[in-house]
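As structure tokens, the structure follows; a few thoughts come after it.
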Amino acid sequence: MRSRKSIIALLTTTATLAMLFGTAPNPVNASNNASNVASKQVKKHYVIKNTPKLSKWGYILNVNSSALPIFVGRSNYRKLLNNPYFKGAKSISSKKLKNVKFKVVKVMVFKNVNGTPEYFVTSKDHKYNVWTPNAGLQYCDIQSKSLQKVINPLKRIKKRDFERLNSKTPEKDTVSGRKRIAKNKYDFNLAVKAAEKLKRKQRRFVLSFLQQMKQDDGIRDLMQEKQDNILLWTIN
């Protein structure tokens, strides 16, 4: 079940795209030249970057949001690569795709307007392509029984942090705050121990992002936005 943060991320992105489209032409049967003009008019609102840190893991993601149309056709890959507002003629719901894995290729960061980053993901043969916030993505092996021993402690950390955010009393360095962090550290260590028992490729992947979580101070505050931690996308 999707968390409130994931739903908010998708709705925020939808609102942002609506705002951007509101400032650009919306031609019917437009020519390539008109499409390029529209693209230039909205380009000042975003920056598209490569994602070597994420791309190196290859095809390990599923698109898990039926609200996002996945465009079908290899020709769409180049068109979407640097133009997130291109709309392919044919699309498909993620619910209808079985055993299709995606790779992160690009990230789009918005400027001057509110909006969560979006990621351009593609299938191995480039037949399926979509721009989506991380709330629409999921690590492909998340449902495996062995990985649940890693995910469940992280979910407990997330639950504590979510309760802290909804608390009327600021936590700061109170006794309850120190207890929360101590419990988070305990659960984090459980997740690491479980990750060390995973098979080689999966172990390398999970431990890498757990280490990143520790470096990003995610043990203290898991709820802060993690733009480049695929493992944490999965539990958001």
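All residue numbers refer to positions in the sequence shown, counting from 1. Keep in mind that what you see is a predicted model, and the values were worked out from it rather than measured. Heavy-atom basis, side chains included; hydrogens, waters and symmetry copies ignored.
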Check: Cluster question for you: counting only ILVMFWY and a side-chain heavy-atom cut-off of under 4.5 Å, with indirect links fine, are Ile48 and Leu81 together?
Finding: yes
Notebook entry, point to check: Any salt bridge between Arg220 and Asp217, counting N to O under 4.0 Å?
Noted result: yes
Next item on the list: Could you list the residues that satisfy side-chain hydrogen bond (donor to acceptor under 3.5 Å, both in side chains) with Asp125, not counting sequence neighbours?
Entry: Ser123
Note to self: Determine whether a donor-acceptor pair (N or O, by modelled atom type, separation under 3.5 Å) exists between the side chain of Ser91 and the backbone of Ile70.
What the structure shows: no
Notebook entry, point to check: Of the non-hydrogen atoms in Leu137 and Asn64, which two are nearest, and what is the gap between them?
Noted result: N-OD1, 3.2 Å
Margin query: What verdict does the side chain to side chain contact (heavy atoms under 4.5 Å, CB included) test give for Lys127 and Val72, after you've listed the backbone C-alpha separation in whole Å, the side-chain angles of each residue and the deciding distance to 0.1 Å?
Written below: CA-CA 6 Å; Lys127 182 178 179 180; Val72 182; 4.1 Å; yes
Next item on the list: Apply side chain to side chain contact (heavy atoms under 4.5 Å, CB included) to the pair Val104 and Phe120, showing each step before the final yes or no.
Entry: CA-CA 6 Å; Val104 177; Phe120 179 55; over 6 Å; no
Notebook entry, point to check: Of all residues at least two apart in sequence or in a different chain, which pass the salt bridge (Lys or Arg N to Asp or Glu O under 4.0 Å) check with Lys53?
Noted result: Asp228
Notebook entry, point to check: Going by the angle between their ring planes, with limits at 30° and 60°, are Phe205 and Tyr139 parallel, tilted or perpendicular?
Noted result: parallel
Next item on the list: Mind running ring-ring contact (aromatic ring centres under 6.0 Å, His included) on Tyr119 and Trp233 for me, showing each step along the way?
Entry: CA-CA 12 Å; Tyr119 300 83; Trp233 296 354; 4.8 Å; yes
Next item on the list: Please tell me if the side chains of His45 and Lys111 come closer than 4.5 Å, counting only heavy atoms from C-beta onward.
Entry: no
Check: For the atom pair OG1 (Thr122) and CG (Leu61), what is the distance rounded to the nearest 0.5 Å?
Finding: 12.0 Å
Next item on the list: Provide the closest heavy-atom pair for Asn129 versus Gly73 in the form atom of the first, atom of the second, distance.
Entry: ND2-O, 3.7 Å
Next item on the list: Check whether any side-chain heavy atom of Ile230 sits under 4.5 Å from a side-chain heavy atom of Leu54, and report yes or no.
Entry: yes
Margin query: Looking at Lys101 and Cys140, would you say the former's side chain and the latter's main chain have a donor-acceptor pair under 3.5 Å?
Written below: no
Check: Which word best sums up how the rings of His126 and Tyr77 line up, parallel for under 30°, tilted for 30 to 60°, or perpendicular for over 60°?
Finding: parallel
Check: NZ/Lys103 to OH/Tyr59 distance, rounded to the nearest 0.5 angstrom?
Finding: 4.5 Å
Next item on the list: Output yes when a side-chain donor or acceptor of Trp131 lies under 3.5 Å from a complementary backbone atom of Lys106, and no otherwise.
Entry: no
Check: Do Ser144 and Gln202 come within less than 4.5 Å of each other through their side chains, counting heavy atoms only?
Finding: yes
Check: Who pairs with Asp187 by salt bridge (Lys or Arg N to Asp or Glu O under 4.0 Å), at least two apart in sequence or on another chain?
Finding: Arg156, Arg160
Margin query: For a 4.5 angstrom cut-off between non-hydrogen side-chain atoms, does Ile219 reach Lys214?
Written below: yes
Check: Which pair of non-hydrogen atoms, one from Val100 and one from Asn62, has the smallest distance, and what is that distance?
Finding: O-OD1, 3.4 Å
Check: In Å and rounded to the nearest 0.5 Å, what is the CZ to OG1 distance from Phe110 to Thr116?
Finding: 7.0 Å
Margin query: Can you confirm whether more than 12 heavy atoms, excluding those of Tyr186, are under 6.0 Å from its OH atom?
Written below: no
Item checked: Donor-acceptor pair, side chain of Asn229 and main chain of Leu231, under 3.5 angstrom -> yes
Margin query: Can you give me the closest heavy-atom contact between Ile142 and Leu147, atom names plus distance?
Written below: CA-CD2, 3.7 Å
Next item on the list: Answer whether the closest heavy-atom distance between the side chains of Leu207 and Glu196 falls below 4.5 Å.
Entry: yes
Checklist line | From CD (Gln148) to CD1 (Ile151), nearest 0.5 Å | finding: 6.5 Å
Next item on the list: Measure the spacing between CZ of Arg74 and NZ of Lys79 and express it to the nearest 0.5 Å.
Entry: 14.0 Å
Check: Can you name the nearest heavy-atom pair linking Val105 to Thr51, along with the distance?
Finding: O-OG1, 3.3 Å
Check: When you look at Leu210 and Leu154, which way does the side chain to side chain contact (heavy atoms under 4.5 Å, CB included) test go after all the steps?
Finding: CA-CA 10 Å; Leu210 285 174; Leu154 297 181; 4.1 Å; yes
Check: Would a 4.5 Å heavy-atom cut-off, applied to side chains only, mark Asp161 and Asn184 as touching?
Finding: yes
Margin query: Please tell me whether Tyr85 and Tyr46 form a close aromatic pair, meaning their ring centres lie under 6.0 Å apart.
Written below: yes
Notebook entry, point to check: Taking all atoms of both residues into account, what is the closest heavy-atom pair of Ala194 and Lys149, and its distance?
Noted result: CB-O, 3.5 Å
Next item on the list: Would you check if Met213 and Phe188 make a side-chain contact, meaning some heavy-atom pair closer than 4.5 Å?
Entry: yes
Notebook entry, point to check: What distance separates Lys197 NZ from Lys193 NZ, expressed to the nearest 0.5 Å?
Noted result: 8.5 Å
Note to self: Within the 4.5 Å heavy-atom criterion, are Thr132 and Ser65 side-chain neighbours or not?
What the structure shows: no
Checklist line | Centroid-centroid under 6.0 Å between Phe209 and Trp57 rings | finding: yes
